[in-house]
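Below, each value reflects all heavy atoms present in this structure, side chains not excepted, and no hydrogens, waters or symmetry copies. Within every chain, numbering begins at 1; the chains are lettered A, B, ... in the order of the sequence lines, protein sequences first and strands thereafter.
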Amino acid sequence: MKQTKPKVLMLGWEFPPLINGGLGVACFGIAKSLSKLADVSLIIPKSDPNFITQNIETIGLNHLDIENFKINYKSKNYEFLDDVAFVESNLSPYQTFEAEVLENKYATTDEKVIKSKIRSELDIFNTNDLYDGAVGERIYNFAKIATLLALHRDFDVIHAHDWMTFVAGMEIKAATGKPLVLHVHSLEVDRNAPDTKNWVYQIEKKAMMYADVIIPVSFYTGNRIHVLYDIAQDKIKPIHNGIEQVQSFRSESSLPEKVVLFLGRVTGQKGPEYFFETASKVLEFMPNTRFVMAGTGNMLKEMIEMGAYKQMSNRFHFTGFLSPEKVRQLYSIADVYVMPSVSEPFGLSALEAAQFGVPVVLSKQSGVAEVLPSALKADYWDIDKMASNIISVLKYKGLRDQLVKDAYQDLSKINWDYTAQNIVHVYESIGVN
Amino acid sequence: MAKICLYFQVHQPYRLLEYNFFQIGKHIDYFNQDLNNLVLDKVANHCYLPANEMFMNLFSENKDKLKLNFALSGTALSQFKDSKPEVLSSFKNLFSNPGIEILGETYYHSLSSLFRTDEFEYQVRLHKNFVFELFNKKTVTFRNTELLFKNSISNTVKNLGFDTIITEGVERVLPNKIGNILLKSKDSKVPIFTRNCSLSDDIAFRFLDSNSIDYPLTAKKIITKIKKQSKNSDYIFIGMDYETIGEHFKKEEGIFDFWNDFITQLANDKEIEFCNFSDFNIENVDTPIFDSTDVISWADTEKDASAWMGNSMQYEALRKIYDLQKAVYETGNQKYFDIWRLLQTSDHFYYMSTKRQSDGEVHSYFSPFNTPYDAYVYYMNIVSDFEILLKKKS
């Protein structure tokens with residue numbers, strides 16, 4: 001019989017209200033539900049004191065009380081950190097990176113000097129974009145401070161979300177001997193290219209080898225970790241994401257045409273060019289259709305130019321980045337939601353669309369397809385099948401109604417509490433009770 | 001004396017192509033002839049030919065005792081006739097035995113009884129004539145597609161010249177929940193026979209079920225049950241797909257040995273008598289009334305029409321096909337009548353079922369498509385193409 005709850009030291013990066021994509025939403029959902037089954041302390045780069053999370057001790061590095069900060073300057077653990085930096089140095093796109101890390105060794109025992117040093121290190125988190133050019137430096141600073149915090153805390157397991165916190169996770173495991181759980185929401189091989197071996201990949205791989213267990217958000221991603229990172233299957237324990245129940249609604253569209261929606265970062269991983277090709281195919285047969293590409297990213301310009309070139313601009317629209325409220329509005333008028341991702345670890349937005357009663361068309365290369373058995377699917381490159389799925393939904397009301405109904409049934413089995421229970425089971429499997 | 005009615009359903013649909021959206025308007029042949037031939041070959045070799053041979057032998061061993069009841073859909077018979085004549089001759093051979101009764105039904109194994117009375121009548125007549133033409137036998141007992149029944153159907157069936165109807169022994173509808181009893185329909189007082197589901201499923205579904213208390217199933221175990229139930233019964237009606245013998249369960253799994261044994265033991269049992277449905281004369285017998293305003297059938301756990309009409313895709317597809325009646329009549333073209341009717345075969349709608357768990361497994365076992373959504377989309381693409389074709393011709 002379990003007497004006490006496990007104490008979890010969670011390392012996050014994005015967290016509400018700072019949210020760029022699915023990571024922040026997932027991290028919040030997991031922490032909140034896990035806090036019912038475990039004592040959760042969460043270290044994140046930036047917290048907002050106005051955003052209160054019950055039962056979760058949230059430590060934002062931007063609000064750290066440096067004056068009362070205990071510094072264990074005898075720790076030798078940074079050697080491990082240096083090792084990581086050295087390994088990656090020749091691959092790093094950030095030239096100053098290696099020097100910075102070396103310099104930042106606290107070559108003094110003067111507490112005042114160290115504290116002022118830490119203060120300057122923390123400045124880097126006063127930003128609205130945690131992923132800008134200084135992201136490399138940021139993750140190492142995060143690792144150092146988080147380790148200092150961890151050394152004076154009591155916990156049973158380290159739970160790190162995505163590569164930005166993996167260095168911290170490794171460092172804390174080295175310093176404390178506590179087991180390390182990696183939660184993989186996204187992989188560099190998906191964001192970049194399957195054969196990438198860049199420094200982010202190196203961090204991911206090193207952390208995966210060093211970790212006690214890895215939790216990918218889907219079996220799809222679990223398989224990629226096995227194949228592309230060469231990690232043993234038995235160390236990989238996929239757990240699907242959940243979703244918050246929302247008050248969904250439908251609105252009257254001001255457009256007479258059917259609306260087909262793409263929502264996500266406009267980057268190669270999300271397959272915007274396949275959406276574009278599909279749109280052009282659908283329009284041949286159903287000219288009274290409008291396509292909306294919501295989101296922004298490095299391929300947006302290219303997409304806009306392509307729309308103009310193909311003279312589709314009166315049927316193909318771009319919204320740029322949208323607030324959550326605007327996103328919900330868009331869901332409420334959409335007739336089909338399309339996710340043509342080339343490689344999608346999960347794809348929370350597909351579940352959100354389904355919550356709004358929008359039929360979902362997915363690429364087979366997506367984790368969310370595992371929890372939406374009713375969704376229509378096609379390989380991301382199979383433009384004909386993708387187009388024919390969209391046309392069928394728009395054309396056949398019986399299909400549309402049934403897909404919506406079945407997706408609601410699928411959704412009823414998906415929630416963060418269930419995700420959290422499975423996480424606790426994974427903790428138990430590595431002896432954390 | 002226990003009177004046992006053994007009944008087999010023989011059916012093959014004309015399965016459809018994966019007709020994609022871009023083919024709409026191109027009027028490509030809708031039917032997957034390769035697949036239909038493949039299935040026919042397989043089932044003929046596993047079931048029809050060896051099972052017919054087995055029963056042929058059993059007839060010669062048990063002269064004047066053995067009686068069997070068969071229902072064969074028109075779509076199955078016409079595929080035998082066109083693509084597998086040796087199967088048709090094998091059935092002709094078997095049916096030359098005097099103890100064989102052939103039942104009437106809709107030629108197209110359709111749901112027309114629930115939608116269009118005129119169409120239903122036409123398809124039943126067509127089947128009646130086809131059976132007479134092939135086997136020189138008159139059909140007097142009616143079994144609707146998958147034993148579908150509701151009160152109002154009995155009037156139409158009676159008017160078509162049938163004496164008797166068989167249907168499913170659905171407990172919630174049976175008077176006092178008791179089966180194996182002679183009944184008459186509420187409307188027009190047609191005699192009704194109800195299938196004994198539990199004994200039938202013992203063989204048809206639980207033959208290899210190691211969780212069943214009867215496992216491993218033997219002829220003796222079933223006969224013991226039959227005798228036990230027959231004490232207060234007028235008859236015991238055991239019915240299933242003919243394809244159970246050799247196709248659903250394979251020869252290597254012992255299904256032929258079971259049937260050989262079962263028939264031989266029944267025939268040698270002095271307390272048991274084989275019957276055809278038409279053997280019973282209950283014109284002047286007072287029987288309880290069978291009253292079902294709702295549709296019943298032998299399909300799925302619900303035993304209603306939900307296997308074909310359980311979700312919005314199925315409703316939409318059915319609505320669409322029956323809405324085309326007028327357009328088809330306007331062409332006056334026999335070819336289009338035939339296509340329209342082949343598209344009414346209940347199997348197409350069965351494949352669209354989104355039921356899950358064990359019933360869902362049965363649906364997908366039979367389906368040529370990956371998902372019910374695919375089944376619906378291809379069907380609707382075909383109907384859309386057919387609609388264009390009809391417009392051109394009228």
Side-chain angles (χ1 to χ4, degrees), chain A residues 258 260 277-289 336-338 354 357-362 364 369-379 382-414, chain B residues 16-26 28 111 115 306-324 343 348-357 359-361 363-364 367 369-388:
Chain A
K258 300 276 187 186
V260 182
E277 290 299 320
T278 304
S280 129
K281 184 104 194 174
V282 172
L283 283 170
E284 274 177 45
F285 294 88
M286 293 184 93
N288 286 328
T289 313
V336 192
Y337 180 78
V338 184
V358 185
V360 172
V361 173
L362 301 174
K364 286 184 183 169
E370 295 163 16
V371 294
L372 278 179
S374 60
L376 298 184
K377 299 166 191 88
D379 289 304
D382 191 347
I383 303 296
D384 275 7
K385 179 79 184 164
M386 203 60 105
S388 127
N389 282 343
I390 292 169
I391 290 166
S392 301
V393 173
L394 295 178
K395 192 172 155 69
Y396 301 131
K397 193 175 170 298
L399 178 66
R400 200 208 111 83
D401 293 351
Q402 196 58 41
L403 288 174
V404 170
K405 219 168 108 186
D406 290 350
Y408 281 141
Q409 206 187 331
D410 296 337
L411 282 168
S412 70
K413 296 176 204 139
I414 306 169
Chain B
L16 299 170
L17 276 184
E18 296 191 359
Y19 205 92
N20 72 42
F21 177 81
F22 311 106
Q23 293 169 317
I24 297 176
K26 298 196 172 146
I28 297 158
L111 305 171
F115 291 92
S306 60
W308 311 275
M309 301 168 66
N311 69 36
S312 20
M313 297 189 291
Q314 293 169 314
Y315 271 105
E316 179 71 5
L318 281 160
R319 187 185 65 78
K320 192 84 199 166
I321 194 68
Y322 283 106
D323 276 356
L324 289 182
L343 291 174
H348 306 315
F349 312 101
Y350 189 82
Y351 305 148
M352 297 173 197
S353 170
T354 45
K355 286 187 193 179
R356 305 197 176 178
Q357 280 109 34
D359 284 338
E361 279 171 32
H363 284 259
S364 60
S367 179
F369 303 113
N370 286 329
T371 68
Y373 312 103
D374 283 345
Y376 172 78
V377 167
Y378 296 134
Y379 183 85
M380 292 301 276
N381 289 344
I382 285 171
V383 172
S384 300
D385 184 273
F386 186 47
E387 211 174 355
I388 294 168

One should read off an interatomic distance between A:Leu403 CG and B:Ser312 OG, to the nearest 0.5 angstrom, of 9.0 Å
Ranking A:Asp401, A:Val393, A:Ile391 by heavy-atom pairs under 4.5 Å to chain B gives rank one to A:Ile391
>> Quick check against the 3.5 Å criterion: does A:Tyr396 have a side-chain atom that pairs as donor or acceptor with the backbone of B:Asn381?
In response: yes
- [ ] Take atom NZ of A:Lys413 as the centre, draw a 6.0 Å sphere, and report whether it contains more than 12 heavy atoms from other residues, nucleotides or ligands.
- [x] yes
When every non-hydrogen atom of A:Asp384 is compared with those of B:Phe22, the smallest separation belongs to O-CE1, 3.4 Å
Self-check item: Heavy-atom side-chain contact between A:Leu399 and B:Met380 under 4.5 Å
Solution: no
Checklist line | Side-chain heavy-atom pair B:Tyr373, A:Asp406 within 4.5 angstrom cut-off | finding: yes
Among A:Lys395, A:Arg400, A:Lys385, A:Lys405, the residue with the most heavy-atom pairs under 4.5 Å to chain B is A:Lys395
The interface call for B:Tyr379 against chain A, heavy-atom contacts under 4.5 Å, is neither
Rounded to the nearest 0.5 Å, the CG atom of A:Leu394 sits from the CZ atom of B:Phe21 at a distance of 9.5 Å
When the 4.5 angstrom heavy-atom criterion is applied to A:Gln409 and chain B, the contacting part is side chain
Output for pair (B:Asp374 CG, A:Asn389 CG), nearest 0.5 Å, gives 7.5 Å
Self-check item: Donor + acceptor pair across side chains of B:Tyr376, A:Ser392 (<3.5 Å)
Solution: no
